[in-house]
Amino acid sequence: MLDLKAIRQEPDRFRRGLARKRHNPALIDELLKVDEAWRSALVEVERLKAERNRASEAIARKKKQGEDAAADIAEMRAVSEKIKELEEQVRQLDEQVQSQLLELPNIPHDSVPDGEDDGDNVVVKQWGEQPKFDFTPKPHWELAQELDIVDFERAVKITGSRFVLYKGLGAKLERALANFMLDYQIEKNGYVEMFPQFIANDTSMVGTGNLPKFGDEMFKLEGLPYYLIPTAEIPLTNYYRDEILDPSMLPVKFAGYSACFRSEAGSAGKDTRGLIRLHQFQKVELVKLVTPETSYAELDSLVEDCEDILQALELPYRVVECCTGDQGAKASKQYDLEVWIPASGRYREISSCSNFEDYQARRANLRFRRDESSKPEFLHTLNGSGLAVGRTVAAILENGQQADGSIRLPKALVPYMGVEVISRRA
RNA sequence: GGAGUGAUGGCCGAGUAGGUCGAAGGCGCUCGCCUGCUAAGCGAGUAUACGCCCAUAAGGCGUAUCGAGGGUUCGAAUCCCUCUCACUCCGCCA
């Protein structure tokens with residue numbers, strides 16, 4: 001959520017920010033209009049309440065002294081009526097302000113390149129050699145099916161389309177990757193391991209910015225204000241919701257593994273095959289809560305932490321900075337890590353690292369106090385996927401494939417897998 | 001799922017025949033005094049949000065907040081209703 005006071009003071013900055021993000025800048029003016037109505041109603045109702053409070057004290061005093069207060073009470077009855085009316089107005093206007101505020105996206109950092117969509121993203125780094133094959137590389141779903149390590153058809157029978165079931169060494173690979181990613185972040189990069197619940201309530205969803213605007217991207221539990229989490233970001237970011245942290249705790253660095261559930265509304269026909277776009281996938285997510293002055297340095301190190309995994313897995317990738325039009329709604333600045341997928345001949349997003357500045361902190365009321373005499377301040381929140389496991393499986397299969405259809409595993413994974421190669425069962 | 005008890009400030013804990021209660025007291029913490037050191041003692045201070053005035057300062061004023069929401073009333077921490085959460089017992093289960 002944006003800072004309403006800041007919007008009042010510098011509306012132009014926010015109009016420009018929205019325009020850069022390909023949102024309608026007039027939303028700012030609509031908001032300010034309602035805000036002004038709200039404030040003038042508030043001033044009036046508070047004035048009446050002050051009057052009532054004074055009168056009530058006077059009535060109490062008179063009664064105590066045995067005087068008659070009937071006239072004052074009659075007078076105040078009318079004032080109370082008026083207050084009740086005005087309060088209803090104030091409540092409605094406040095609700096409007098809040099709901100408009102909750103709908104507004106974050107605005108991009110000045111350094112973010114302007115652009116319409118992912119075509120305008122800027123490649124800031126490229127790592128690794130794209131493998132050369134002396135045969136035609138197969139897509140990962142063919143490799144996996146031939147190796148009998150995933151089952152798409154039966155997964156559809158059990159649930160429906162866009163689900164998959166891992167089997168044998170495929171299941172082990174999924175588990176090995178999660179363990180490897182977690183171990184790495186915990187042992188090498190100093191994250192605290194968290195294993196969260198996969199269901200979160202509506203308040204948590206508002207806290208991270210998934211509600212009210214993106215409810216249709218999630219699965220909701222029938223009859224309950226509960227949702228399947230689309231990412232472990234939800235529980236990890238909400239962990240300290242409504243708390244004031246001591247600076248000695250900062251930066252907070254969480255690494256959490258979870259299943260992620262996405263309705264994929266609006267992506268019909270996209271990536272219908274393979275492990276790229278499913279209703280359920282697993283992911284190790286990194287979340288940081290930091291002081292505002294450190295958040296951009298923390299973003300850089302977050303990106304590096306996620307890159308570590310790709311490098312350790314020997315997967316060629318590039319880092320792109322998302323342009324204003326391609327950023328997530330919540331982000332101020334965002335880098336995507338894209339892994340090389342040989343059969344498609346293109347890079348695919350495997351991680352997204354963002355600095356949200358205080359956008360989520362305001363919603364989730366995540367604060368810290370610099371020292372005892374200072375006011376609480378909002379933290380900055382960041383998160384990054386480290387990494388999406390399903391897409392990592394796809395990348396390992398495609399990049400590690402050999403002429404006979406077997407898969408050479410990255411060295412880092414061998415201790416976790418117990419084999420160096422996944423091959424057809426004899 | 002059934003029965004019961006409870007929810008007050010950083011913590012503990014008063015406060016129900018409604019009335020100057022943002023809330024006694026204690027602890028903790030901060031500053032000062034005192035004190036060979038430490039401890040003890042003395043004094044002062046110690047919530048958050050929002051709005052208005054104002055130089056987006058200092059400061060002042062006001063409103064709200066005793067789990068949440070609603071109701072009764074001139075006035076509610078105190079009365080009524082709904083909900084949430086915690087604890088205890090029973091049932092059920094991994």
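Throughout, a chain's letter reflects where its sequence line sits, starting with A, and its residues are numbered from 1.
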> Give a yes/no answer on whether the side chain of A/Lys5 brings an N or O atom under 4.0 Å of OP1 or OP2 in B/G51.
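Looking at the OP1 and OP2 atoms of B/G51, one of them is under 4.0 Å from a side-chain N or O of A/Lys5.
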> Nearest to the side chain of A/Met76, heavy atoms from C-beta on, is which of B/C52, B/G70, B/C74?
B/C74
> Using the P atom on both, measure B/G32 against B/A39 and round to a whole Å.
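Here B/G32 and B/A39 have their P atoms 15 Å from each other.
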> Can you tell me, in whole Å, how much space there is between the P of B/A68 and that of B/A76?
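About 15 Å, rounded to a whole number of Å.
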> Choosing from B/U63, B/U20, B/A49, which nucleotide comes nearest the side chain of A/Arg367?
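So the side chain of A/Arg367 is nearest to B/A49.
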> Taking only side-chain N and O atoms of A/Lys375, does any of them lie within less than 4.0 angstrom of OP1 or OP2 on B/A47?
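It does not, given that no N or O in the side chain of A/Lys375 lies less than 4.0 Å from OP1 or OP2 of B/A47.
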> Could you tell me which residues satisfy side chain to side chain contact (heavy atoms under 4.5 Å, CB included) with A/Asp94, sequence neighbours excluded, listed by chain and number?
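Scan of A/Asp94 (side chain to side chain contact (heavy atoms under 4.5 Å, CB included), adjacent residues dropped) gives A/Trp38, A/Gln98.
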> Using 4.0 Å as the upper bound for N to carboxylate O, is an ion pair formed by A/Glu46 and A/Lys49?
no
> When you measure from the side-chain N and O atoms of A/Arg8 to the phosphate of B/G51, is any distance below 4.0 Å, counting only OP1 and OP2?
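A/Arg8 to B/G51 OP1/OP2: side-chain N or O found under 4.0 Å.
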> Indicate, with a heavy-atom threshold strictly under 4.0 Å, whether A/Ala50 touches base, sugar-phosphate, or nothing.
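Sugar-phosphate contact only - A/Ala50 comes under 4.0 Å of backbone atoms but never of a base.
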> What's the verdict on side chain to side chain contact (heavy atoms under 4.5 Å, CB included) for A/Arg277 and A/Arg348, showing C-alpha distance, side-chain angles and the deciding distance?
CA-CA 11 Å; A/Arg277 193 179 302 276; A/Arg348 295 297 307 242; 3.9 Å; yes
> Picking from B/G19, B/G51, B/C74, which would you name as closest to the side chain of A/Ala60?
B/G19
> Side-chain N or O of A/Lys84 less than 4.0 angstrom from OP1 or OP2 on B/U72?
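Looking at the OP1 and OP2 atoms of B/U72, one of them is under 4.0 Å from a side-chain N or O of A/Lys84.
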> Considering only B/G62, B/C52, B/A49, which nucleotide approaches the side chain of A/Arg39 most closely?
B/C52
> Does OP1 or OP2 of B/C74 have a side-chain N or O of A/Arg77 closer than 4.0 Å?
yes
> Quick one: A/Ile83 CD1 to B/A64 P, roughly how many Å, whole number?
9 Å
> Less than 4.0 angstrom between a side-chain N/O of A/Arg369 and OP1 or OP2 of B/U48, yes or no?
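Result: yes.
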> Measuring centre to centre across the rings, with the benzene-like ring taken for any Trp, is A/Phe180 within less than 6.0 Å of A/Tyr416?
yes
> Any strand is fair game: report the nucleotide pairing with B/U16 by Watson-Crick or G-U wobble, both distances under 3.5 Å, or none.
none
> Using the C1' atom on both, measure B/C42 against B/C53 and round to a whole Å.
40 Å
> Between B/U63 and B/A23, how far is it from one P atom to the other, in whole Å?
13 Å
> Please check the phosphate of B/A64 (OP1 and OP2 only) for any side-chain N or O of A/Asn53 closer than 4.0 Å.
yes
> Between B/C81 and B/U5, how far apart are the P atoms? Round to whole Å, please.
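Taking atom P in both B/U5 and B/C81, they lie 13 Å apart.
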> Does a side-chain N-to-carboxylate-O contact under 4.0 Å join A/Asp29 and A/Lys33?
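Answer for the salt bridge query: no.
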> What's the CG-C1' distance between A/Asn201 and B/C83, to the nearest Å?
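Nearest whole value for this atom pair: 15 Å.
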> What is the nucleic acid contact for A/Lys63, judged by heavy atoms within less than 4.0 Å: base, sugar-phosphate only, or nothing?
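The residue A/Lys63 makes base contact.
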